[in-house]
Participant: 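One structure is given below, represented as structure tokens, and several questions about it will come after.
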Amino acid sequence: MRTSWADSADNSATRSSNSHGQSNRAAYVPPHLRNRQSEPPVPSNSAAAMPANDRSNYGGPTASYGGSSFNKPDLGRQGYGSGFQTGGGAWNSNRGGGGRDRGRREVNPFENDDASDQSFGEAENTGINFDAYDDIPVETSGENVPPPVNTFAEIDLGDTLNQNIKRCKYVKPTPVQRYAIPISLAGRDLMACAQTGSGKTAAFCFPIISGIMRETYVQRPRVARTAYPLALILSPTRELSCQIHDEAKKFSYQTGVKVVVAYGGAPINQQLRELERGVDILVATPGRLVDLLERARTLLFSATFPKEIQRLASDFLSSYVFLAVGRVGSSTDLIAQRVEYVLESDKRSHLMDLLHAQRETGIDGKQGLTLVFVETKKGADALEHCLCVNGFPATSIHGDRTQQERELALRSFKSGNTPILVATDVAARGLDIPRVAHVVNFDLPNDIDDYVHRIGRTGRAGKMGLATAFFNESNLSLAKPLADLMQEANQEVPAWLTRYAAKASYGGGNRNRRAGGSRFGGRDFRREGSFNKGADYYGGGTGGHGVPGSYGGGYSQGVTSAWD
DNA sequence: AAAAAAT
């Protein structure tokens, strides 16, 4: 009998055998170490790709891997893992959670939007300031790049999805959406870099959903209590997974496309049950996904993109398009960045001075939230306690708190109940919290990338934000990259910081590793030559639809954007 | 060195 995730949850003894009774616990082998000849083609979505369950069965009697559905032009290779023919049963003809979920009433994900509109006087989803997007440079590289669109109407996403887009109050596509959606709909693989809050979630969700809806004759194997998602979205934290899941639910409302989220810290049984009811799109964090996969023996892949990851990802993307969208806001003109010299022993009182002044001047008023980053989990607890004791309503989020506590903290912060959130880097990436007016780097990170991610929690979607950092002798390694970053963003750099920066660059190696950066958040590593030993075969801007001559703006090296 | 991500 074949093992399903649900079975394994009930009985771990089933872990040792598959449908052929073989022991099959092969360790994960990274793609570049594998024998490529024996490797089946691995497709992908813009976010990530996951093979179907139990890949060891490919080539077996029931598998017709590939097949007509595999290369369908409208979906390209996104229909991966669905090439099984199960004998005429139209598995997906009744959409509704992979065909298994009929009869359950779908909760309206837009229901609460009005309520939050009222309490804050502003819709969360209309926060994007489109004027700020108008001059954003966009660059594409790769062969035969499909042209961008200017409106949602130009893309045939289907009535239901279009309706959801309207319900989300999206009027026109953001730059990353304008470029990424046509590329994805054309069936091309894509590697894209754009800040969160710039519409990236929608950019990869729309084509996935519309693709799954069109894929009417794709059949997934019908094995009781086994999940066959068609798309996988991986994210680095549990809360970000939840956020993406919530968004994806809105986009897929009444489409019959079922979105399920799986992450740690919460009981696995409920998640297994959801998966059992059918899943088209799975949103997950890595740990829980591996757990699920081990229970059912499947393999996995992921994709986010610093250079090593690009290299890894390029092993399973084919002739992909690289898309770089210029920065909006984050670390640039929309965030006012300040650095203050504060001794370790003075940090608490200094922070409270700031918070106090903020309260009086009403910078933050009733709507402004303050996010305070610290380096350690203990430090987060201690600071939260200190603030509360001193009359500042704060809560905290970090990896040692239970998932329940984490989610409660986030809700409490978002709602303005506790307008101060003390956080470790768990909150640094991707979280879209409207109305964060101020980010305080109580403890600076060692890596400038982390700094960029953190301050990117404010100044989102075209709005202004403030970022304050406490700097002292323990942050010397950050002096130069920070000074450079601030200068490039036209921020005032204190003279003392410039002196530290000069000192830091003297003896030590140049920590500013990103030679050849640009005002784009990332660049196509295929163009960098190192990997190809100078054979710059994509050189010269092949097939770009970018904005010509738009380089030379305010940013040069050392700047990265939120690759979240 | 720390944080995150499985139990």
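Proteins come first, then strands; the chains are lettered A, B, ... in the order of their sequence lines, and each starts at number 1. Since the structure is predicted, the reported quantities are computational estimates derived from the model, not experimental observations.
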Participant: Would you call the rings of Tyr341(A) and Trp496(A) parallel, tilted or perpendicular, taking 30° and 60° as the class edges?
Facilitator: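 It falls in the perpendicular class, over 60°.
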
Participant: Can you check the Leu478(A) CG to dA1(B) C1' distance for me, whole Å?
Facilitator: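 In whole Å, dA1(B) C1' and Leu478(A) CG are 15 Å from each other.
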
Participant: With a cut-off of under 6.0 Å to the ring centre and 45° to the axis, is Lys347(A) in cation-pi contact with Phe442(A)?
Facilitator: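 That pair qualifies as a cation-pi contact.
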
Participant: Could you check if a side-chain atom of Pro393(A) sits within less than 4.5 angstrom of a side-chain atom of Cys388(A), using non-hydrogen atoms only?
Facilitator: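 The answer is no, as the side chains (C-beta and beyond) never meet within the 4.5 Å cut-off.
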
Participant: Hey, which of Lys377(A), Glu405(A), Arg406(A), Glu384(A) is the one that makes side chain to side chain donor-acceptor pair (under 3.5 Å) with Ser396(A)?
Facilitator: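 In the set Lys377(A), Glu405(A), Arg406(A), Glu384(A), the residue that makes a side chain to side chain donor-acceptor pair (under 3.5 Å) with Ser396(A) is Glu384(A).
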
Participant: How does protein contact run along nucleotides 2-7 of chain B, one letter per nucleotide 5' to 3', with B for base contact, S for sugar-phosphate only, - for none, heavy atoms under 4.0 Å?
Facilitator: SSSSBS

Participant: Between Thr458(A) and Leu371(A), is any pair of side-chain heavy atoms under 4.5 Å apart?
Facilitator: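 No, too far: nothing below the 4.5 Å cut-off.
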
